[in-house]
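A quick write-up on the structure given underneath.
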Amino acid sequence: MTSNLKSQIATTIDQHAERFKAVSTYIGDNPELGNEEFKASARLKEELLFHNFTIEAPILGIETAFIATYTAQKSGPVVALLCEYDALPEIGHACGHHLICMMSVSAAVGLKAVVNEYGGTIRVYGTPAEETRGAKVPMAEAGLFDDCDFAMMAHPYYAYEKSGISLAMDALQFEYFGKSAHAAASPQHGINALDSVLQLFNGINALRQQTRSDTRIHGIINQGGVAANIIPDYASAQFYIRSASREYTNELVEKVKRIAEGSALQTGCTLKVSNYEYSYDELITNTTLSEVFTNNLVSHGVARSDIHSGKDAGSLDLGNVSTHCPAIHPYIQVTTEKHELHSIGFRDRAKQPEALDAMIFGGKILAETAYDVISQPELLQQIKQEFAAR
């Protein structure tokens with residue numbers, strides 16, 4: 001029975017493969033920034049409607065977010081498949097989100113072909129703006145994943161990687177308010193906001209020696225004055241503060257804030273601190289679910305030795321989902337050329353036929369993994385036990 005139904009999953013995905021590739025190509029050729037993915041969102045919803053999913057949109061007032069649902073004839077587990085479809089500024093889909101979304105959509109369509117055998121609900125979550133203000137954060141806070149039995153997505157890369165870890169992150173903006181003056185004629189009347197920003201950088205640089213090795217603190221001066229002969233009365237900096245755990249990231253944030261306060265005291269400026277993007281939690285991979293995904297890769301001929309351990313040095317809004325239900329985020333090889341994510345080289349390779357074929361393959365593996373779980377209650381129980389005990 002299992003082999004027959006898995007064959008049916010693959011056959012269904014193959015039947016619609018050219019449609020799926022066309023949607024991915026369209027999104028790849030029409031890159032849109034986070035929360036502006038109107039073309040991508042519309043095309044994805046159109047495709048899901050074609051396959052008889054019901055659509056709820058917008059979600060939480062986010063115009064490009066959606067939830068597409070198919071419910072089987074009998075009750076069963078709730079499967080969440082997550083779509084990302086925002087692009088990067090200037091370089092477009094250099095993170096391969098046009099492949100991510102269609103791996104999840106194709107997986108949902110493949111799983112739909114067999115879900116009535118065991119029962120369950122398939123949900124495809126359209127989650128905008130992963131690169132900036134990831135919609136998974138407010139979705140998770142609103143409890144939209146709380147009734148999901150597990151959540152999955154797969155990311156394109158130049159290698160296969162198991163779902164691993166990512167870094168928790170806070171995005172902080174530090175604004176300093178001083179007093180302008182002529183920098184040559186009357187500097188004594190000025191309060192230099194840019195000096196506060198420079199001292200902030202110096203203080204953070206000194207802090208780095210006393211932080212854990214998984215810490216990443218990096219920032220820019222996004223406003224530093226308007227002219228060299230005017231003492232800046234306003235300056236600001238933006239920082240990402242990351243570590244492997246939410247708990248330690250919170251500690252780092254408090255230390256950086258104290259440095260920022262000290263920088264303001266040194267110059268006489270006033271300080272405003274705010275979050276300019278959502279805070280991301282670290283990814284908690286469900287290792288039981290991850291192993292099911294890996295086993296399916298191996299069953300399709302991927303050597304286990306070619307599937308590397310996953311350790312994402314970046315941050316994912318899926319981390320916030322993983323605190324509400326079991327979740328995985330593995331990587332699918334879509335090119336044999338070693339181009340890093342967020343590069344023009346990877347963007348260009350991610351549009352090639354081999355990448356689109358790999359996208360279809362990734363959709364099959366996601367669907368087969370979901371099928372394994374919904375068809376084996378004892379496996380789902382193990383996944384839930386691990387999640388509860390994490």
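Residue pairs meeting the ring pair (Phe, Tyr, Trp, His ring centres under 6.0 Å) criterion with at least one partner in residues 148-173, sequence neighbours excluded, are H155-H329, H155-Y331, Y157-Y331.
Side-chain polar atoms of S163 and T285 form a donor-acceptor pair below 3.5 angstrom. With 3.5 Å as the limit, one finds no donor-acceptor pair spanning the side chains of E277 and T132. Between the side chains of K6 and N296, a donor-acceptor pair is found at a separation under 3.5 Å.
Here D281 does not pair with K136 in a salt bridge; the nearest charged N to carboxylate O distance is not below 4.0 Å. Between D29 and K351, at least one side-chain N (NZ, or NE/NH1/NH2) sits under 4.0 Å from a carboxylate O, which counts as a salt bridge. Between E32 and K39, none of the side-chain N atoms (NZ, or NE/NH1/NH2) sits under 4.0 Å from a carboxylate O, so this pair counts as no salt bridge.
The number of heavy atoms from other shown groups lying within 6.0 Å of NZ (K21) is above 12. For E63, the CD atom is loosely surrounded, since the number of other residues' heavy atoms within 6.0 Å does not exceed 12.
Proximity of Y125 to L81: side-chain heavy atoms (C-beta onward) are nowhere separated by under 4.5 Å.
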Inset, instruction - Might you work through the side-chain contact (heavy atoms from CB on, under 4.5 Å) test for T127 and M139, ending with a clear yes or no? - result: CA-CA 9 Å; T127 63; M139 285 180 164; 3.8 Å; yes
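Aromatic ring centroids of Y85 and H98 lie 6.0 Å or more apart. Here H51 and H16 bring their ring centres to under 6.0 angstrom of each other.
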